[in-house]
*Asks:* 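Quick one: structure below, then a few questions.
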Amino acid sequence: MASSLSVPLSIIFVSFLYILPFVAADRAIELGGGIGGGIAGLIILILDIIAIVDVLKSDRSIAGKLLWVLVIVLFPIGGLILWCLCGRKTANIV
């Protein structure tokens with residue numbers, strides 16, 4: 001019974017994955033997310049990559065690094081802000 005049900009569900013899932021980008025692109029144009037959204041997204045992506053490299057170079061434990069990378073990947077803007085405000089360990093100047 002489970003195998004006969006899993007085939008239609010997988011077909012629905014795969015067809016959803018093919019349709020979703022077209023629906024999302026159509027909605028982005030309506031919401032004003034044209035080329036400006038693409039440039040902003042590219043900037044956020046570059047900043048997230050810089051933050052992830054910074055996390056991986058830090059002296060945290062493997063679990064701490066994994067947690068911070070997951071936060072940055074799952075929440076690109078919020079994770080980047082959290083890393084900059086709370087996660088970075090800075091050296092004392094004095």
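We count residues from 1, following the sequence as given.
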*Asks:* Tell me, which pairs form a salt bridge (charged side-chain N to carboxylate O under 4.0 Å, His left out) where one or both residues lie in residues 53-66, sequence neighbours left out?
*Replies:*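 Residue pairs passing salt bridge (charged side-chain N to carboxylate O under 4.0 Å, His left out), neighbours aside: Asp54-Arg88.
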*Asks:* Looking at side-chain heavy atoms only, is the closest gap between Ile72 and Leu82 below 4.5 Å?
*Replies:*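 They are not in side-chain contact.
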*Asks:* Which residues satisfy the side-chain contact (heavy atoms from CB on, under 4.5 Å) test with Ile46, sequence neighbours excluded?
*Replies:*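 For Ile46, the residues satisfying side-chain contact (heavy atoms from CB on, under 4.5 Å) (neighbours in sequence not counted) are Leu42, Ile50.
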*Asks:* Can you list every pair that meets ring-ring contact (aromatic ring centres under 6.0 Å, His included) and has a residue in residues 40-67, with sequence neighbours left out?
*Replies:*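 Sorted result for residues 40-67: empty, none.
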*Asks:* Does Ile43 have any side-chain contact (heavy atoms from CB on, under 4.5 Å) partners at least two apart in sequence or in another chain, and if so, which?
*Replies:*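 Checked Ile43 against side-chain contact (heavy atoms from CB on, under 4.5 Å); matches are Ile39, Leu47.
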*Asks:* How is the hydrophobic cluster of Leu70 composed, in terms of its other members, when Ile, Leu, Val, Met, Phe, Trp and Tyr link through side-chain heavy atoms under 4.5 Å apart, directly or indirectly?
*Replies:*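 Traced through the cluster, Leu70 reaches Leu66.
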*Asks:* Could you note down all residue pairs passing ring-ring contact (aromatic ring centres under 6.0 Å, His included) where residues 53-81 supplies at least one of them, sequence neighbours left out?
*Replies:*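 Output for this query lists Trp68-Trp83.
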*Asks:* Can you measure from CG (Leu80) to CD1 (Ile49) and round to the nearest 0.5 angstrom?
*Replies:*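 Going from the CG atom of Leu80 to the CD1 atom of Ile49 covers 11.5 Å.
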*Asks:* Could you list who else is in Leu85's hydrophobic cluster, with ILVMFWY side chains joined at under 4.5 Å, directly or through other members?
*Replies:*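 Taking Ile, Leu, Val, Met, Phe, Trp and Tyr as members, Leu85 shares its hydrophobic cluster with Ile44, Ile77, Ile81.
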*Asks:* Show every ring-ring contact (aromatic ring centres under 6.0 Å, His included) that has at least one partner inside residues 39-66, sequence neighbours left out.
*Replies:*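 Every pair satisfying ring-ring contact (aromatic ring centres under 6.0 Å, His included) with a residue in residues 39-66: there are none.
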